[in-house]
Amino acid sequence: MQSLLRLLQDGQFHSGEELGAAVGVSRAAIWKRLQALEAEFDLQVHKVRGRGYRLETPLSLLDIDLLTASSSFPVILLQQVDSTNAQALRHLASGAVPPFLVIAEQQTAGRGRRGRSWASPFGENLYYSLVLRVSGGMRQLEGLSLVVGLALLQALREAGVENAGLKWPNDLLVDGRKVAGILLELSGDPADICHVVIGIGVNINMRVAPRDEAIDQPWTSLRQVVGGQVDRNGFVASLNRQLQHYLQLHQTHGFASLREQWEANHLWQGRAAVLAAGLQSVQGRVLGVDDTGALRLEVEGQEKVFSGGELSLRLRDDS
Ligand code: BTN
């Protein structure tokens, strides 16, 4: 299946003969294989008499050799998985030693923050889970997800997205639309030795929301912003590099050293906002973050600090 898709990913016509020879089946059997591909990965293949077959939409498939070459840790590339974060946690539980990276072409149960799902169609976006060992206690986790946001922001800029910014705690937005998200999951004892799964989802080449999954917030993709297909292997290489740089700074100097840079890229600095935690909410003006990455809000003239993975921030209508 993979070799067929690899040939077809350019979106050009390929004859049944060429495809049959490449995968070692008869010309007649090719159409059956292509129909199976269509069903499995929700793809559309066009068949034109005399010209052959082509994918309706070209793909930029992930390539394990390129991914490995750009990573300083082992890479596991899966075609389909429930969630790369879940897979990374299972891999840890079965004794795998971090650091390692799990990437998939498709997630069938991608996880977002606050119990949401994350739309994860085949071959279009990036589903990336990096597992690291954390041995410095809580301090090494403070502000970590915000630092990952900064690294991701730089990778987006390298890919040509100039007007991306951050929204506390770790959403990446372009013109008010979400382009990427981060979900950290811990395993072990945060006060002692633990492991962190840094889950990153980036809408790279997505044009439309997947048929069976409505996306419950405004979204965009790199393709929509830069106006053309983006090389996903190249994007991973850039993300690996930026993460290495920022994680190193974070480990050595802590979040405090990156706080100013984070605030400079925070889209909602100074804005009137509502912070929601379940059914409770607090209104205030966004002052920024503190040295642990917690949100600083001015509430009725006083500075208040909020932290926690279940919080979400939205703009107040009148801001
Ligand atoms: C968010 O809600 O903003 C966080 C989205 C995180 C999605 C990524 S995709 C790779 C990794 N695996 C998952 O199941 N979730 C994260």
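Values below: all heavy atoms of this structure, side chains included; hydrogens, waters and symmetry mates excluded. Numbering starts at 1 and runs along the sequence shown. Just follow the structure's listing: the first ligand is 1, and inside any ligand the first atom is 1. Everything quoted here is computed from the prediction, not taken from an experiment.
- Nearest protein neighbour of atom 8 (C) of ligand 1, counting heavy atoms only, is G201 N, 3.6 Å.
- Ligand 1 has a nitrogen or oxygen under 3.5 angstrom from a nitrogen or oxygen of S83.
- In this structure, D82 pairs ionically with R90, as a charged nitrogen and a carboxylate oxygen lie closer than 4.0 Å.
- Each of the atoms 10 (C) of ligand 1 lies under 4.0 Å from some heavy atom of Y128.
- The heavy atom nearest to atom 4 (C) of ligand 1, out of those in I182, N170, V197, is found in I182.
- With 3.5 Å as the limit, one finds a donor-acceptor pair spanning the side chains of Q244 and S72.
- Salt bridge E158/R241: present, at least one basic N to carboxylate O contact under 4.0 Å.
- Protein heavy atom in closest approach to atom 10 (C) of ligand 1: T84 OG1, 3.2 Å.
- Judged by distance alone, the side chains of N85 and S83 never bring a donor and an acceptor atom under 3.5 Å apart.
- With a heavy-atom cut-off of 4.0 Å, I200 touches ligand 1 through its backbone alone.
- Among protein heavy atoms, atom 15 (N) of ligand 1 sits closest to R111 O, 2.7 Å.
- Comparing heavy-atom distances from atom 3 (O) of ligand 1 across E185, R113, K178 singles out K178 as nearest.
- With a 4.0 Å heavy-atom cut-off, ligand 1 is reached by the side chain of S129 but not by its N, CA, C or O.
- Classification of the F100-H91 ring pair by plane angle, with boundaries at 30° and 60°, yields perpendicular.
- Distances shorter than 4.0 angstrom do not occur between any heavy atom of R114 and any atom of ligand 1.
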